[in-house]
Amino acid sequence: MDPLELGTKYDRIAHWWQQHHQHSEYGLHALERALQWLPHTGQALDVGCGAGGRLVHRLVQHGLTVTGLDVSHTMVELARQNHPEQHFLHQDICQWESQDAFDLILAWDSLFHLPLSQHEAVLNKLCRHLKPEGILLYTLGNAAGEHTDTWRNDTFYYSSIGINANVQCLIKAGLTLLHLELDQYPEKHVYLIATRPAGDVIALG
């Protein structure tokens, strides 16, 4: 699915999304696990930040300054209203470029909307932007391939390269896997936590 089309679909449900997710605890257990491995505070990148809310609040509470990206213009506007002290960009992660590196990178339930052909490129990009001793937390589908599903009276596209290909990509990028869990079994939902070893040198251009 084209990111612009995806953004438009989320524009239509942005206010509903904020109402139902702003104060939920969904994903917080995984974020808490990731934060226990973060040795310092600093900069966080939230890919697919939506309207902000619980995850951004927890990152800020932990002492992190947040940059959020989302393909939905309405979601980004709501995030700016909810967290005026943080930085939110209306951006497609496939096209986003930056010279910044981050201490924590979060992509909760966002990368599975990527075109199948873009998964490895985007994951490599996130790895490049992770500082030494930084933590990467993201979700994926435990089934390689692509499909569409109906949700909120609309059709959404989902894809995944599967667990093995994700782990191989992280290892090739120099990261160390810390945790992998099928946290909603029997649903094919996986979250993964990895880190860049201390002393690594990163090159952003």
Side-chain angles (χ1 to χ4, degrees), residues 21 24-50 52-69 86 93 96 98 100-114 116 118-144 158-204:
H21 291 83
S24 78
E25 296 186 358
Y26 176 56
L28 283 174
H29 66 290
L31 181 55
E32 292 295 344
R33 187 183 293 273
L35 288 172
Q36 74 179 355
W37 278 302
L38 186 65
H40 44 70
T41 59
Q43 302 292 320
L45 176 68
D46 186 354
V47 180
C49 61
R54 69 206 188 279
L55 300 178
V56 174
H57 280 306
R58 184 66 188 97
L59 292 172
V60 172
Q61 185 182 50
H62 194 76
L64 292 154
T65 301
V66 179
T67 296
L69 310 177
Q86 307 304 319
I93 187 58
W96 173 78
S98 174
D100 294 328
F102 298 88
D103 301 278
L104 184 142
I105 297 177
L106 168 69
W108 188 265
D109 286 1
S110 57
L111 301 187
F112 56 35
H113 285 310
L114 291 173
L116 185 62
Q118 292 296 311
H119 276 268
E120 289 194 30
V122 168
L123 188 52
N124 284 329
K125 179 186 293 188
L126 298 184
C127 291
R128 288 197 304 273
H129 284 273
L130 189 66
K131 291 181 181 179
E133 296 187 290
I135 297 295
L136 170 64
L137 164 62
Y138 69 102
T139 59
L140 58 137
N142 178 28
Y158 301 88
S159 66
S160 175
I161 57 175
I163 290 177
N164 288 350
N166 272 271
V167 172
Q168 290 165 5
C169 190
L170 294 176
I171 293 172
K172 187 175 180 179
L175 271 62
T176 299
L177 181 65
L178 296 175
H179 186 83
L180 188 154
E181 182 177 338
L182 282 80
D183 63 322
Q184 299 176 25
Y185 186 81
E187 293 186 25
K188 296 179 173 65
H189 186 273
V190 181
Y191 79 86
L192 188 153
I193 302 172
T195 187
R196 178 173 295 286
D200 270 15
V201 176
I202 59 174
L204 296 175

So which atom in [X] and which in [Y] form the shortest heavy-atom distance, rounded to 0.1 Å?
X      : Y      : value
Ser110 : Thr139 : N-OG1, 4.3 Å
Pro132 : Gly199 : CB-N, 4.0 Å
Gly42  : Asp103 : CA-OD2, 3.3 Å
His129 : Ser98  : CE1-O, 2.9 Å
Ala107 : Leu111 : CB-CG, 3.8 Å
Leu64  : Leu35  : CD1-CD2, 4.1 Å

Would you confirm whether [X], through its side chain, and [Y], through its main-chain N or O, come within 3.5 Å as a donor-acceptor pair?
X      : Y      : result
Thr195 : Thr176 : no
Arg54  : Tyr26  : yes
Lys125 : Ile93  : yes
Arg196 : Gly174 : no
Ser160 : Leu140 : no

Practice item. Please lay out, stage by stage, how Gln86 and Asp46 fare under the test side chain to side chain contact (heavy atoms under 4.5 Å, CB included). Key: CA-CA 11 Å; Gln86 307 304 319; Asp46 186 354; over 6 Å; no
Hey, are the side chains of [X] and [Y] touching, using non-hydrogen atoms and a 4.5 Å cut-off?
X      : Y      : result
Asn124 : Lys172 : no
Leu45  : Trp96  : yes
Lys188 : Phe112 : no
His113 : Tyr158 : yes
Val56  : Val60  : yes
Gln43  : Asp100 : no

Practice item. Please assess Ile193 against Trp37 for the test side chain to side chain contact (heavy atoms under 4.5 Å, CB included), listing each intermediate value before the final yes or no. Key: CA-CA 9 Å; Ile193 302 172; Trp37 278 302; 3.9 Å; yes
Exercise for review: For a side-chain contact (heavy atoms from CB on, under 4.5 Å) with Leu136, tell me which candidate from Leu192, Leu178, Leu177, Leu123 qualifies.
Suggested key: Leu123
**Study point:** side chain to side chain contact (heavy atoms under 4.5 Å, CB included) assessment of Val47 paired with Tyr138
**Key:** CA-CA 9 Å; Val47 180; Tyr138 69 102; over 6 Å; no
Check your understanding: Are His119 and Asn166 close enough that a side-chain donor and a side-chain acceptor fall under 3.5 Å?
Key -> no
Study note, to complete from the structure: Separation between CG (Leu59) and CG (Leu104), nearest 0.5 Å, reads 6.0 Å
Review point. How long is the gap from OH on Tyr191 to CD on Glu181, to the nearest 0.5 Å?
Key: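 Tyr191 atom OH to Glu181 atom CD measures 4.0 Å (nearest 0.5 Å).
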Check your understanding: Stepwise, does the side chain to side chain contact (heavy atoms under 4.5 Å, CB included) test hold for Leu137 with Arg33?
Key -> CA-CA 10 Å; Leu137 164 62; Arg33 187 183 293 273; over 6 Å; no
Exercise for review: State yes or no: are the ring centers of His21 and Trp108 separated by less than 6.0 Å?
Suggested key: no
